[in-house]
Protein chains: 2
Amino acid sequence: MARPPKERQFANLPELIKDAAWRQITQSGASSLSLRGIARDLGITAPAIYNYFPDRDALVTSLIADAYASFGDCQLAARDAFAGQGKELDRLRATGLAYRRWALDHPHRYLLIFGNPVPGYEPPMEELLPVMMRSLGALVGTIAELHALGRLETGRLPLPLIDTDHRFFSLLENADEGMLAVYAISIAVWCRVHGLVSLEITGQLPLFGEDGAALYRFELDAICRQFIRSPEDDTGVIPRTGTVREP
Amino acid sequence: MARPPKERQFANLPELIKDAAWRQITQSGASSLSLRGIARDLGITAPAIYNYFPDRDALVTSLIADAYASFGDCQLAARDAFAGQGKELDRLRATGLAYRRWALDHPHRYLLIFGNPVPGYEPPMEELLPVMMRSLGALVGTIAELHALGRLETGRLPLPLIDTDHRFFSLLENADEGMLAVYAISIAVWCRVHGLVSLEITGQLPLFGEDGAALYRFELDAICRQFIRSPEDDTGVIPRTGTVREP
DNA sequence: TGTTGATTTATACAGTGTAAATTTATACTG
DNA sequence: CAGTATAAATTTACACTGTATAAATCAACA
């Protein structure tokens with residue numbers, strides 16, 4: 001035996017590589033990420049990177065995981081800023097506003113995880129699923145709380161197909177089989193905010209300029225009006241904790 | 001003088017190049033488009049392509065223009081399937097349904113024009129604007145018709161900032177200065193359908209599987225209920241979705 | 001036949017990824 | 001404790017694919 005793997009000639013080289021990768025992505029976008037460029041930036045040679053990431057895709061996967069972690073931190077922090085009963089709607093709006101805020105602050109991270117997939121790159125779900133679940137947990141958890149209070153209004157919203165592969169939500173906190181409405185509304189909400197945010201980030205949202213915030217607030221209001229009942233608007237559903245009732 | 005430029009050694013080579021490019025894009029995605037691959041496909045050499053397209057971006061621009069033309073054809077055809085007064089809502093729904101239909105039928109074309117921009121590629125607006133205007137004209141024109149009938153319900157929808165660069169809508173048919181509400185609603189509608197469709201196309205819409213159609217129809221309904229007054233309802237009150245429960 | 005457009009050949013440069021050679025630091029041995 | 005074997009870390013060299021340009025070649029017509 002000789003030389004344990006702990007001792008590296010450059011300390012923290014994997015982290016340095018990822019830092020350089022983010023710098024490069026911020027400058028020129030994700031799909032122009034180049035291992036040789038990273039190596040140049042770090043003063044090493046390109047093949048050295050292959051000791052820590054077997055190929056370019058592995059590096060991308062690691063960056064995606066970091067982006068999800070950052071996104072999840074913001075989502076959970078926004079939710080936890082309004083703790084306590086009676087603040088469920090505040091939590092929902094906070095996660096919604098934090099979604100756009102984080103996306104504007106980190107557009108490349110956003111596009112990396114929610115943008116169009118890079119052709120040729122197949123994200124390894126077994127690795128990314130936990131951090132995806134955590135990041136979406138703030139929204140879904142809050143919707144679930146509103147559901148437990150009987151304040152969800154699904155209307156004609158079609159429910160998810162129970163028999164399909166529901167990998168995305170099977171690991172969510174508080175997840176159980178009776179929360180199809182929660183999932184359905186979560187998906188619908190996500191679709192709406194994603195449409196706005198992705199267009200704004202990529203500069204395809206015309207006319208609103210700096211005031212994309214106003215349109216976004218309008219859409220958050222529309223979402224709340226459409227899907228969330230106010231607590232005093234009691235239509236006969238008894239708010240219950242513990243037991244989940246299907247509408 | 002000798003040899004007029006009409007006589008090419010391969011007839012229609014620009015069209016053949018674009019056909020091969022679409023084949024390649026359909027197979028492997030837009031960002032892996034390779035001039036050498038096209039040349040291989042056509043049995044010519046790569047530099048020959050540079051006679052017709054000065055660089056890779058010029059070829060991409062041409063493909064984008066074709067995609068907009070195809071998209072516009074579908075939008076206008078869908079609108080014109082419900083001609084005549086009194087069918088404005090049918091026209092709106094038809095363009096909405098055609099939007100998703102076309103996107104599912106031509107996902108790569110959709111991503112090329114509405115997806116995340118390819119880093120390093122700057123779309124030449126002076127060339128693409130007319131075909132963009134034409135393709136969006138079906139939606140905006142129909143919204144404008146509903147506006148002329150007094151059936152638009154803007155609510156708290158923020159209006160576009162008039163003083164910003166409104167290149168996108170300045171060329172639209174029936175465009176005049178008084179149609180800010182038309183533009184605002186068109187943008188809001190586009191954001192919503194784009195969110196759903198782009199997620200569905202890229203396989204990021206979980207759980208709904210083949211039934212993304214149901215969620216899409218639900219969203220079209222929500223759009224119509226929120227923004228369009230029915231002709232006999234001249235009170236300005238929109239029926240709230242949250243007040244009626246499903247049986 | 002000369003002119004000129006169309007195409008190919010040759011070349012420069014950048015990128016991914018692999019195999020072999022090399023450096024470097026540790027651990028074992030005499 | 002010195003010397004050496006060893007394995008990790010890194011570099012060099014290479015094979016391949018890509019974009020793009022310049023020069024050479026080919027083809028058709030006046």
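Here is the naming used below: chain letters follow the sequence lines, and residue numbers restart at 1 for every chain.
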Rounded to whole Å, how long is the line connecting atom [atom1] of [X] with atom [atom2] of [N]?
X	N	atom1	atom2	answer
A:Ile44	D:dT12	CD1	P	12 Å
A:Arg40	C:dG15	CZ	C1'	9 Å
B:Ile38	D:dT17	CD1	C1'	15 Å
B:Phe53	D:dT21	CZ	P	16 Å
A:Leu13	D:dA8	CG	P	16 Å
B:Ile49	D:dA20	CD1	P	11 Å
A:Leu16	D:dT10	CG	C1'	15 Å

Notebook entry, point to check: Does a side chain donor of either B:Tyr121 or B:Thr61 reach within less than 3.5 Å of an acceptor in the other side chain?
Noted result: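 Yes.
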May I ask you to check whether A:Thr142 and A:Arg79 show a side-chain donor-acceptor distance below 3.5 Å?
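Absent: no donor and acceptor within the cut-off.
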Review point. What do you reckon, are the aromatic ring centroids of B:Phe71 and B:Phe114 less than 6.0 Å apart?
Key: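 Ring-ring flag for B:Phe71/B:Phe114: true, centres closer than 6.0 Å.
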Check your understanding: Of all the nucleotides listed (D:dT10, C:dT7, C:dG15), which has the minimum atom distance to the side chain of A:Tyr52?
Key ->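 Nucleotide nearest to A:Tyr52's side chain: D:dT10.
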- Does any non-hydrogen side-chain atom of A:Cys74 lie less than 4.5 Å from one of A:Tyr99?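 SC-SC contact between A:Tyr99 and A:Cys74 ruled out.
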Exercise for review: Identify, with sequence neighbours excluded, every residue that meets side chain to side chain contact (heavy atoms under 4.5 Å, CB included) alongside B:Ala77.
Suggested key: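 With sequence neighbours excluded, B:Ala77 shows a side chain to side chain contact (heavy atoms under 4.5 Å, CB included) to no residue whatsoever.
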### Task
Give one of base, sugar-phosphate or nothing for B:Leu33, where a contact means two heavy atoms less than 4.0 Å apart.
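Answer is sugar-phosphate: B:Leu33 comes under 4.0 Å of backbone atoms only.
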Please enumerate all protein N or O atoms sitting under 3.5 Å from an N or O of nucleotides 17-19 of chain C, with distances to 0.1 Å.
from	atom 1	to	atom 2	distance (Å)
C:dG17	OP2	A:Tyr50	OH	3.3
C:dG17	OP2	A:Arg56	N	3.0

**Study point:** Residue closer to the 5' end of DNA chain C, A:Ser34 versus B:Asn51 (nearest nucleotide)
**Key:**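 The residue closer to the strand's 5' end, by nearest nucleotide, is B:Asn51.
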Under the side-chain hydrogen bond (donor to acceptor under 3.5 Å, both in side chains) rule, collect the residues that match up with A:Asp41, sequence neighbours excluded.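 By the side-chain hydrogen bond (donor to acceptor under 3.5 Å, both in side chains) rule, A:Asp41 matches A:Arg23.
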